[in-house]
S.K.: 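Sharing a structure here in structure tokens format.
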Amino acid sequence: MHPYRTHTCGELRIDHVSQTVRISGWVFRKRDHGQLLFIDLRDHYGLTQVVIHPDKAFLEDCQRVRSESVIIVTGKVVARSQDTINEALPTGRIEVMAESVTVESLADPLPFQIAVEDDGPEETRLKYRFLDLRRDHLHKNILLRSQIIASLRRRMIGHGFTEFQTPILTSSSPEGARDYLVPSRVHPGKFYALPQAPQQFKQLLMVAGFDRYFQIAPCFRDEDARADRSPGEFYQLDLEMSYVTQDDVFAVVEDVIHGVFGEFSKLTMDKPPFTRIPYAEAMVKYGSDKPDLRIPIEIRDVSDIFRASKFNAFRAVVDKGGVVRAIPVKGIAGKSRSFFDKLVEYAQSLGSKGLAYLVWEGGVVKGPIVKFLSEDEIKALAACGDMVEGDVMFFVSDMAGAANKISGAIRVKLGADLELIPKDVFRFCWIVDFPMFEYDEETRSIGFSHNPFSMPQGGMKALLEQDPLTIKAFQYDIVCNGVELSSGAIRNHSPELMYKAFEIAGYPPDEVDKRFGGMINAFKLGAPPHGGIAPGVDRMVMLLAGESNIREVIAFPMNQKAQDLMMNAPNTVMDKQLRELHLKLDLPKEGK
RNA sequence: GGGGACGUAGCUCAAUUGGUUAGAGCGCUGCCCUGUCACGGCAGAGGUCGCGGGUUCGAGCCCCGUCGUCCCCGCCA
């Protein structure tokens, strides 16, 4: 007989009855009747009830053994009597009558209970992650993650893609996020960087003629965390295709994403082709480039109505080149004063000067700003938002960027607070036509708004003749339920176009050669048109697992401050290691 | 870097308006219990009320500071 098990804890059924078996696992629950002891033995596969009768010498040992100890049980499978069958368990029609028990690993009292889900402060859960992972909920999430990744691989290979590995130790790039740096021992003063994404490598694989690349790619970015963004590292389904248009990329991604979501979720979901929303439209209508289409509220631009208005606060903003945005909401006129007050407070916390609103109630229009508005203006606003009795229209006025952000956040908050978000649906969309360049207030200069390697729409003609801020790129995002799954682009594979685009963004040719020489040189030696995208794996799993926090789908996540509380990373190193790496520390003063 | 919420037993939480010895459930320890499946019963241990300072006759509760965790803004092409 195998030293540990002949069967798993999820395996035994009524047709195993009368067999002598051996199972191993963790003591999940004990029910001690003094002369009779039940142990629910748990392993990865399930739960089996072990019964220990009073004539057994090991009864006392088993009574003493604490939860989560590992034991090996040998015994006979017996059918449970009709009145003791547990229909809730797949193994509930049988039990194992113990004939011998070995305590393999005794557990101390635990910092939190395994049998109680969603229990324990996150700090402790992270420190004892291996315990948290024993709990059914997290255990299932991590399994789901594995299954999703297997399915993604299968689907990508089915579409003719080849999986590659690309370097983890690579060079720092000036664009994008902060890099994680790795000092070189062999080259004093020089550093590797961990890849923010395998962007250049995948493009070089296209130049190398592999046609279709994919990778479940680890990406490293030294930026602060969010609920849907784990600090430090995350995974992307990175893909790139040669000789394709934007539509070709969309077709593949829609098939893979819709397929995988359909495979792992029963929720209803948009069918391909997914709605395509130009960036500019999304920013006005939803105040976001990752709109949650489940929320049935659409923001309107009403700047023109206030352009000649007597309401100075708004007119002045419009005069300065700002905008007024209206958020029409159905049937909430009856909400309490504090509902509106809290919303105003929320708007202010986002940096808004205030939050005006009009209420259509009792056949009249009320609200703090109604006295400043003419009848025609109110009529125009009503028409614009299809306002009827019981409706409310909120107003945000600011420069376009801030107004978008604030109105978008209010739209999302209203959706959540008013419970307007259906929980049983996945709404997908593409955001297309991202601007190629944007004005950076901080540096007072023009920079790339997204990926510098994107192909500008209109090509060289656009770069030469158009106001850079009006040039769009073949740059796109795929969004699901307000979560940005991914950014992608048709790439710029022409050296001339590349130099020109970088010139507009303030990089002279020799700088481009220095930073991106590898890729530019490649493009001078025969480069196929190509494009791709990189959906975030963690976020997909999060959506499919129904989690709102990304740590719930990562086996060993770091906390918000990018610390691994279990492994104690980051940590100091020995002086010898520093010396070998030619590093001297220059630490901030103690205490603040 | 900024804003918000939270911090009471190992865990989840309670503690009236500032008022006696800070409570309950789970877990833990001991005892009882032969059909439970969140078994049940009895008893017990366990607390720097995150930390420091202040106000007060008196602080878990009020004030100031600080630390920690999470959420958000900035940041993340």
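Residue numbers begin at 1 in each chain, while the letters A, B, ... track the order of the sequences. Quick caveat, the model's predicted, so the values are computed rather than measured.
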S.K.: How would you label the contact of A:N559 with the nucleic acid (heavy atoms, under 4.0 Å): base, sugar-phosphate, or nothing?
M.R.: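 The answer is sugar-phosphate, as A:N559 gets under 4.0 Å only of primed atoms, P, OP1 or OP2.
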S.K.: Between A:R66 and B:U29, is there a contact of a side-chain N or O with OP1 or OP2 at under 4.0 Å?
M.R.: yes
S.K.: Verify the contact: side-chain N or O of A:Q196 to OP1 or OP2 of B:C76, cut-off strictly under 4.0 Å; return yes or no.
M.R.: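 Checking A:Q196 against B:C76: no side-chain N or O falls below 4.0 Å of OP1 or OP2.
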S.K.: Does a side-chain N or O of A:Q113 approach OP1 or OP2 of B:C26 to a distance below 4.0 Å, or not?
M.R.: no
S.K.: If B:G40 has a Watson-Crick or G-U wobble mate with both distances under 3.5 Å, name it; if not, just say none.
M.R.: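 With both distances under 3.5 Å, B:G40 matches B:C32.
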S.K.: Below the 4.0 Å mark, does B:U69 have OP1 or OP2 next to a side-chain nitrogen or oxygen of A:R551?
M.R.: no
S.K.: Would you tell me if any nitrogen or oxygen in the side chain of A:N86 comes within less than 4.0 Å of OP1 or OP2 on B:G35?
M.R.: no
S.K.: Pairing check on B:G52: which nucleotide meets the Watson-Crick or G-U wobble criteria with it, both distances under 3.5 Å?
M.R.: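 Matched B:G52 with B:C64 under the 3.5 Å cut-off.
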S.K.: Between B:G35 and A:E95, counting only base atoms on the nucleotide and side-chain atoms on the residue, is there a donor-acceptor pair under 3.5 Å?
M.R.: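 Answer is yes: a donor-acceptor pair is held.
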S.K.: Are A:F130 and A:F556 an aromatic pair, judged by ring center distance below 6.0 Å?
M.R.: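 A:F556 vs A:F130: aromatic centres not under 6.0 Å.
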S.K.: Describe the nucleic acid contact of A:Q49 in one word from base, sugar-phosphate, nothing, applying a heavy-atom distance below 4.0 Å.
M.R.: base
S.K.: Evaluate whether the aromatic ring of A:F38 and the six-membered ring of the B:U36 base sit under 5.5 Å apart, centre to centre, with an inclination under 30°.
M.R.: yes
S.K.: For A:Q563, answer base if it contacts any base atom (sugar-phosphate contacts may also be present), sugar-phosphate if it contacts only those atoms, and nothing otherwise; contact means non-hydrogen atoms under 4.0 Å.
M.R.: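 Answer is sugar-phosphate: A:Q563 comes under 4.0 Å of backbone atoms only.
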S.K.: Contact class for A:D83 (heavy atom, under 4.0 Å): base, sugar-phosphate, or nothing?
M.R.: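 Since no nucleic acid heavy atom lies under 4.0 Å of A:D83, the category is nothing.
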S.K.: On the 0 to 90° scale, with breaks at 30° and 60°, tag the A:H16-A:H7 ring pair as parallel, tilted or perpendicular.
M.R.: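 The arrangement is perpendicular - the two ring planes meet at more than 60°.
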S.K.: Taking B:G47 as the reference, what is the distance to B:A38 when you measure between their C1' atoms (whole Å, please)?
M.R.: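 Those two atoms are separated by 27 Å.
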S.K.: Expressed in whole Å, how much space separates the C1' atoms belonging to B:G52 and B:A59?
M.R.: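 After rounding to an integer number of Å, I get 15 Å for this pair.
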S.K.: At under 4.0 Å between heavy atoms, what does A:P452 touch on the DNA or RNA strands: base, sugar-phosphate, or nothing?
M.R.: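 A:P452: base contact, heavy atoms under 4.0 Å.
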S.K.: Are more than 12 heavy atoms, taken from residues, nucleotides or ligands other than A:Y192, located less than 6.0 Å from that residue's OH atom?
M.R.: no
S.K.: Do NZ/NE/NH1/NH2 and the carboxylate oxygens of A:E484 and A:R229 come within less than 4.0 Å?
M.R.: no
S.K.: Expressed as a whole number of Å, how far does the P atom of B:G58 sit from that of B:G53?
M.R.: 16 Å
S.K.: Taking for each residue the nucleotide of RNA chain B bearing the nearest heavy atom, is the 5' side occupied by A:N549 or by A:D40?
M.R.: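 Nearer the 5' end of the strand: A:D40.
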S.K.: Starting at atom CD1 of A:I550, determine the distance to atom P of B:C70, rounded to an integer number of angstrom.
M.R.: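 The distance from CD1 of A:I550 to P of B:C70 comes to 14 Å, rounded to the nearest Å.
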S.K.: OP1 or OP2 of B:C75 less than 4.0 angstrom from a side-chain nitrogen or oxygen of A:R221, does that happen here?
M.R.: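 No, outside the criterion.
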S.K.: Looking at every strand, decide which applies to A:R64 at a 4.0 Å heavy-atom threshold: base, sugar-phosphate, or nothing.
M.R.: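 Result for A:R64 = nothing.
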S.K.: For A:S487, report the nucleic acid contact type (base, sugar-phosphate, nothing); a contact means any heavy atom under 4.0 Å.
M.R.: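 The answer is nothing, as A:S487 stays clear of every strand by at least 4.0 Å.
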S.K.: In whole Å, measure the gap between the P atoms of B:C6 and B:C13 for me.
M.R.: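 Taking atom P in both B:C6 and B:C13, they lie 13 Å apart.
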S.K.: Could you check which nucleotide pairs with B:C26 in any of the strands shown, counting Watson-Crick or G-U wobble with both distances under 3.5 Å?
M.R.: B:G10
S.K.: Below the 4.0 Å mark, does B:C39 have OP1 or OP2 next to a side-chain nitrogen or oxygen of A:R31?
M.R.: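 Yes, within the criterion.
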S.K.: For the residue pair A:W430 and A:Y476, categorise the inter-ring angle as parallel (less than 30°), tilted (30 to 60°) or perpendicular (more than 60°).
M.R.: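 Aromatic pair A:W430/A:Y476 classed perpendicular.
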S.K.: Give A:R226 one of three labels, base, sugar-phosphate or nothing, depending on what nucleic acid heavy atoms sit under 4.0 Å from its own.
M.R.: base
S.K.: Taking the P atom in each of B:A45 and B:C64, what is the distance between them to the nearest angstrom?
M.R.: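 Between the two P atoms, the distance is 39 Å.
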S.K.: Which base sits across from B:C57 as a Watson-Crick or G-U pair, both distances under 3.5 Å?
M.R.: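 Base-paired to B:G19.
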S.K.: Mapping A:L565 and A:Q199 onto RNA chain B by nearest heavy atom, which one lands closer to the 5' end?
M.R.: A:L565
S.K.: Give a yes/no verdict on base stacking between B:C39 and A:H33: centres under 5.5 Å, planes within less than 30° of parallel.
M.R.: yes
S.K.: Any side-chain N or O of A:K405 below 4.0 angstrom from OP1/OP2 of B:C73?
M.R.: no
S.K.: Suppose you measure atom C1' in B:G50 against the same atom in B:G60; what distance do you get, rounded to whole Å?
M.R.: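 Rounded to whole Å, the distance is 12 Å.
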S.K.: When you check the side-chain N and O atoms of A:D238 and A:Y213, is any donor under 3.5 Å from an acceptor?
M.R.: yes
S.K.: Watson-Crick or G-U wobble partner for B:U69, using a 3.5 Å limit on both distances?
M.R.: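 Here B:U69 is engaged in a pair, and the nucleotide opposite it is B:A5.
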S.K.: Which part of the nucleic acid, if any, lies within reach of A:P111 when heavy atoms closer than 4.0 Å are counted: base, sugar-phosphate only, or nothing?
M.R.: sugar-phosphate
